[in-house]
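First the structure, in the form of structure tokens, and then the observations on it.
Computed from heavy atoms alone, side chains included, the values below leave out hydrogens, waters and symmetry copies.
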2 protein chains.
Amino acid sequence: MYMSLKIALLGILDLAPMTGYDLKKSIEASVAHFWSADQSQIYRTLAALVADGLAEVEVIPQDGRPDRREHHITPAGRAALNDWLRSPLEPETPHDAFLMRLFFVGTLGVPATRAVLRARRSQAIAMLAGLRSVAEQDQTHREPDDRAPDDLGRRLRFATLRNGILHAEAELAWLNETKEALG
Amino acid sequence: MYMSLKIALLGILDLAPMTGYDLKKSIEASVAHFWSADQSQIYRTLAALVADGLAEVEVIPQDGRPDRREHHITPAGRAALNDWLRSPLEPETPHDAFLMRLFFVGTLGVPATRAVLRARRSQAIAMLAGLRSVAEQDQTHREPDDRAPDDLGRRLRFATLRNGILHAEAELAWLNETKEALG
DNA sequence: CACCTATACAGGACTACGCAAGTATCATTT
DNA sequence: AAATGATACTTGCGTAGTCCTGTATAGGTG
């Protein structure tokens with residue numbers, strides 16, 4: 001959890017300098033399946049990066065529109081990013097509201113329990129469909145004979161999608177198993 | 001995310017009245033695989049429940065030790081719990097620091113990427129072993145001919161463990177697939 | 001012409017949470 | 001005799017995050 005939005009911003013700024021506004025859109029377009037951030041939180045975190053010397057602002061005047069405050073990653077920022085990427089992963093403490101619901105819903109009886117499981121099933125199916133369509137586009141837009149230097153990065157971005165897909169499938173398998181176990 | 005610790009506390013207090021201290025231990029013993037909470041956060045949230053009329057305190061003097069401030073769920077608390085259990089599940093916005101790491105680690109090259117995946121593998125194996133041992137104890141301690149009124153609750157508590165196990169297995173399967181994909 | 005959307009940012013109010021330390025006493029262990 | 005661990009709760013500090021509102025202006029749509 002710690003520092004993760006800072007890292008997300010540094011990681012994206014490492015690919016290209018951009019404004020807070022651009023970052024918000026970039027997050028929605030590329031890492032939304034495993035991370036999300038509020039607009040105001042992005043601006044605040046960006047200000048923190050600048051304060052820490054990890055990013056710098058280049059003001060680009062525009063007419064009509066507000067100035068672009070384009071943020072560039074600094075060498076210190078790149079070092080902080082790389083340090084974090086190589087640091088040990090702290091095992092995350094789980095917070096799963098759905099499992100909590102299931103844990104306690106038994107007192108309301110079998111019909112209420114089934115309703116909770118059905119709702120989860122709908123969500124899992126929607127999630128799976130969303131991930132699959134993004135993954136297909138990813139496969140389609142890919143050059144057939146890609147020997148580009150960012151080939152590793154592309155494979156890894158695809159792998160994060162596959163992760164979501166396999167977990168969504170596991171969730172559906174678990175839902176079937178659990179439905180059976182309720183008789 | 002919202003209200004979930006309140007719900008966890010109400011859910012546990014619905015089974016038996018207890019102190020904040022007891023709640024901390026109860027959470028560690030029963031829902032730790034999908035929820036965790038800091039001690040001070042438990043006390044704060046408990047105070048909020050009392051302020052909202054969802055729980056009441058019964059002070060039980062003890063000699064030597066501090067008084068037990070035993071918290072009991074109120075009818076309003078039970079109603080709030082049941083309302084939440086029947087409310088629609090808000091789809092959770094994901095925050096997965098590991099996938100973020102993987103997404104950006106490509107710039108550091110294949111060896112650093114493999115290191116990240118290996119670390120994840122160790123964690124997944126440890127997680128799986130932990131869940132399996134809890135699940136086995138659960139199976140063993142269970143009465144063979146259980147027709148108790150809380151049979152549904154017991155099955156659901158077991159189902160939350162199975163959920164964790166299936167996801168840990170899915171994670172390992174994904175790790176194997178991803179390792180292959182890196183060549 | 002009114003409304004909506006996009007671009008671009010700022011700031012307050014609030015919730016949730018974790019870490020750390022402090023207060024107090026008894027029982028057990030070294 | 002001193003350290004530790006269990007019971008039981010409190011307080012302060014800092015981080016991370018959301019929601020909502022406000023400030024501008026340009027361009028397109030009904």
R162(A) to W174(B), cation-pi by 6.0 Å centre distance and 45° axis angle: no
Nucleic acid contacts - residues 38-52 of chain B versus DNA chain D, non-hydrogen atoms under 4.0 Å: Q39(B), S40(B), Y43(B), R44(B)
Integer-rounded Å distance: dG17(D) C1' and L9(A) CG: 13 Å
Can you tell me if CE on M127(B) sees more than 12 non-hydrogen neighbours from other groups inside 6.0 Å? no
Taking atom C1' of dT7(D) as reference, at what distance in whole Å does atom CG of D67(B) sit? 12 Å
Can a side-chain donor-acceptor contact be found between R44(A) and S40(A) if the only test is distance below 3.5 angstrom? yes
Surrounding CD of E56(B) (heavy atoms of other residues, nucleotides or ligands, distance under 6.0 Å), is the total greater than 12? no
So, using side chain to side chain contact (heavy atoms under 4.5 Å, CB included) as the criterion, who are the partners of F104(B) when residues are at least two apart? I12(A), L85(A), M100(B)
With side-chain hydrogen bond (donor to acceptor under 3.5 Å, both in side chains) as the test, would you mind laying out the steps for T160(A) and N163(A) before giving the verdict? CA-CA 5 Å; T160(A) 64; N163(A) 184 277; over 6 Å; no
Between the main-chain N or O of L23(A) and the side-chain N or O of S26(A), is there a donor-acceptor pair closer than 3.5 Å? no
When you measure from every atom of DNA chain C, which of residues 13-31 of chain A have a heavy atom less than 4.0 Å away? T19(A), G20(A), Y21(A), D22(A), K25(A)
Length of the CZ-P vector between R68(B) and dT7(D), whole Å: 10 Å
Would you kindly give the CG-to-P distance between L5(B) and dT15(C), to the nearest whole Å? 15 Å
Would you say that D96(B) contacts E92(A) through its side chain, given a criterion of any heavy-atom pair below 4.5 Å between the two side chains? yes
